[in-house]
Asks: 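Mind looking over this structure? Questions follow.
Within every chain, numbering begins at 1; the chains are lettered A, B, ... in the order of the sequence lines, protein sequences first and strands thereafter.
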Amino acid sequence: MIENQIDVTLESLVGEVSKMKSDGQRMVTFSCTNIGDGKADIIYHFDKNEVLTNLRLTVDMDKPVPSISGVYFAALLIENEIQDQFDIKFEGLVLDFGRKLYLDDEVTIIPMCNNTKAMKPKK
Amino acid sequence: MLNMTPTVLKNLLSKSSTRMYPIEKREPFERYRGELFNNIDECIFCKKCQMKCPSQCITVTKDKDSGTGTWICDPFACIYCSICVDHCPTGSLYMKPVHRAPSAERDMMEQTGKIKPPKKKAKAKK
Amino acid sequence: MARTIIPFGPQHPVLPEPLHVKLVVEDEIVQEAIPALGYVHRGLEKLAEIRDYHQMIQVVERVCGICSNIHSMCYCQGIEEIMGIEVPRRAEYLRTIWSELHRMHSHLLWLGLFADAFGFEALFMQFWRIRERIMDINEATTGSRVITSVNVVGGVRQDLTPEMCSWILSEVDTAVKEIKEIQNTILSDYTVCARTKGVGVLTKEQAYDFGAAGPTLRGSGVASDMRLLKYAAFDKIDFEPIVEPDGDCYARSTVRFRETLQSADLVKQAIAGLPQGDIAAPCKGNPEGEIITRVEQPRGECLYYIKGSGKKFLDRVRIRTPTFANIPPLLAMLPNCELADVPVIILSIDPCISCTER
């Protein structure tokens, strides 16, 4: 269902992203999804002339992912957000908020990863 | 220079754009979603509104022993989207175009009504 | 002179919402700016786990307090595309009308706030008075001023009667007339130009590199507008993105000002072409698959990534709001500006912090 999709690996990620940059693509955002078994999908969206190109990266949540904030500075907020919500570490972040971009110090559970549906509908 | 002067003069000579609110009120628009009500006599306690409500502010309970049902809505959690009104099978839920008056304390809308026997069964008995 | 760190926000007279920026200042000139977010984070994406995909419409509408209708439209478009629902043409036109009305009132709100940021209170009041007309249209046609709740999966919930259409046309015409009366003040007044021209310059290359979106990007000379994707009724509507080349605060305010008038024109075009027919298609089953949809919001491009697995609850709803993309460009605009210009520059990206943090 997602058009223009390219699969990348941890090793080829930064190279592919640099290629995107030299191609004149604008970074839109990335989307991270927990797909179970301690794995997550990160989809990098790039835009050029209203056409999206997507790089799909499947990662183990406990292994650090190379940061692309060196290539696209704007990636730093998104990487910090994923760090907050999924506890995936990014290596070489330009500005690391250390899991405190949105969350407070006292928050210990990782919001998007605890698979227990903790909240019950209000009575 | 003096770009704003015509507007200022116009405003000086025309009447105020605001209303003296509590004394003078505008007629509400017909479609305005002001407040949710339930016509309890028509309600069949089917729980559809409870299931569809995005803010989960409606609770419907049935008491089979006494033959009554209760419809409770928390007006402070209600988001006035009128999704429940759209899905109500009997049309007992409706909205009035006047918004709720401010309240000093939290109160729940609680209504109790008789459970009517389902129509099919009523026919079968006859 | 020694460097001083001045905290800007989260509570500041020009900011309606809590954004915190640490400004490293030397001789009243900003050297560096470090943002801090997290004051209004609500975790709305997480709610997808306990609200089914119909109820999520009401949740995503509350992502933003200004462009709520366009959020739900984007979300519904995504779900419809996954499930293969054909939306009736009339519903698409109605969505276009409401989304353009939303853009108008959002831009009028911003123009007012922008005037307020450089201390022009009278102009602020003028814009907000005009905005009330659009708010009244929203209230009368949808039932609510901002959170319209008109979009459902498959179409819309409310219809426009012919009387309403002619009333909208006359109200929009009056609003356009009133906006044009104060055009000279916002675009060519000496004091306004002195505060905005050449302030917070973002070059075309910078805007592209830092991933700016919407009027911030178009104000720097890049013709990028998601309405060119021809969603809803934009395939039949005459539309050209508005671009200004300068990249300063003045260019961004001009883009928004001209877009307000353009939106009025788009509303008129959509009403003129409004076809007859159903306003909603039936929706059965649960979404399965993943989709990326994009729409143009008043603040810029908004991206939704939706993943469903055939269950009532969606696996993931990822919302990329325009302000989130506009914060890195803001960090590029702030260095080397004067401390007194900081509120104007921050306002010039039209920050919506509740959008950003969701």
Asks: Taking side chain as C-beta onward, heavy atoms only, is His54(C) less than 4.5 Å from Ile83(B)?
Replies: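 No, side chains not in contact.
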Asks: Does any backbone or side-chain atom of Ser82(B) lie under 4.5 Å from a heavy atom of chain C? Answer side chain, backbone, both or neither.
Replies: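 Answer is both: backbone and side chain atoms of Ser82(B) are under 4.5 Å from chain C.
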Asks: Quick check: under 4.5 Å, non-hydrogen atoms only, which of residues 8-17 of chain B neighbour chain C?
Replies: Lys10(B), Asn11(B), Ser17(B)
Asks: Report, by ascending residue number, the residues of residues 23-31 of chain B in heavy-atom contact with chain C at a distance under 4.5 Å; give 'none' if the set is empty.
Replies: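 Result: Arg26(B), Phe29(B), Arg31(B).
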Asks: Below 4.5 Å, heavy-atom pairs only: which of Ile147(C), Asp136(C), Ile57(C) has the largest tally toward chain B?
Replies: Asp136(C)
Asks: Between Glu61(C), Gln158(C), Glu132(C), Met56(C), which has the largest tally of heavy atom pairs under 4.5 Å with chain B?
Replies: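 Of the options given, most contacts go to Gln158(C).
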Asks: Does Met4(B) form a side chain to side chain contact (heavy atoms under 4.5 Å, CB included) with Asp189(C)? I'd like the steps, not just the answer.
Replies: CA-CA 9 Å; Met4(B) 198 68 177; Asp189(C) 194 83; 5.7 Å; no
Asks: Side chains of Ile182(C) and Thr7(B): does their closest heavy-atom pair fall under 4.5 Å?
Replies: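 A side-chain contact exists here, since the closest heavy-atom pair is under 4.5 Å.
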Asks: Find the distance between CZ (Arg145(C)) and OH (Tyr32(B)) and round it off to the nearest 0.5 Å.
Replies: 8.5 Å
Asks: What part of Arg62(C) gets closer than 4.5 Å to chain B, counting heavy atoms only: side chain, backbone, both or neither?
Replies: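 Side chain only.
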Asks: Taking every non-hydrogen pair under 4.5 Å, which of Val150(C), Leu123(C), Thr142(C), Asn184(C) racks up the most with chain B?
Replies: Asn184(C)
Asks: Can you give me the closest heavy-atom contact between Arg51(C) and Pro54(B), atom names plus distance?
Replies: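 Reported closest heavy-atom pair: NE-O, 2.7 Å.
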Asks: At their closest point, which heavy atom of Ser144(C) faces which heavy atom of Arg33(B), and how far apart are they?
Replies: CB-NH2, 3.3 Å
Asks: Would you give the length of the straight line joining atom OG of Ser55(B) to atom CD of Gln55(C), rounded to the nearest 0.5 angstrom?
Replies: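 It is 9.0 Å, given to the nearest 0.5 Å.
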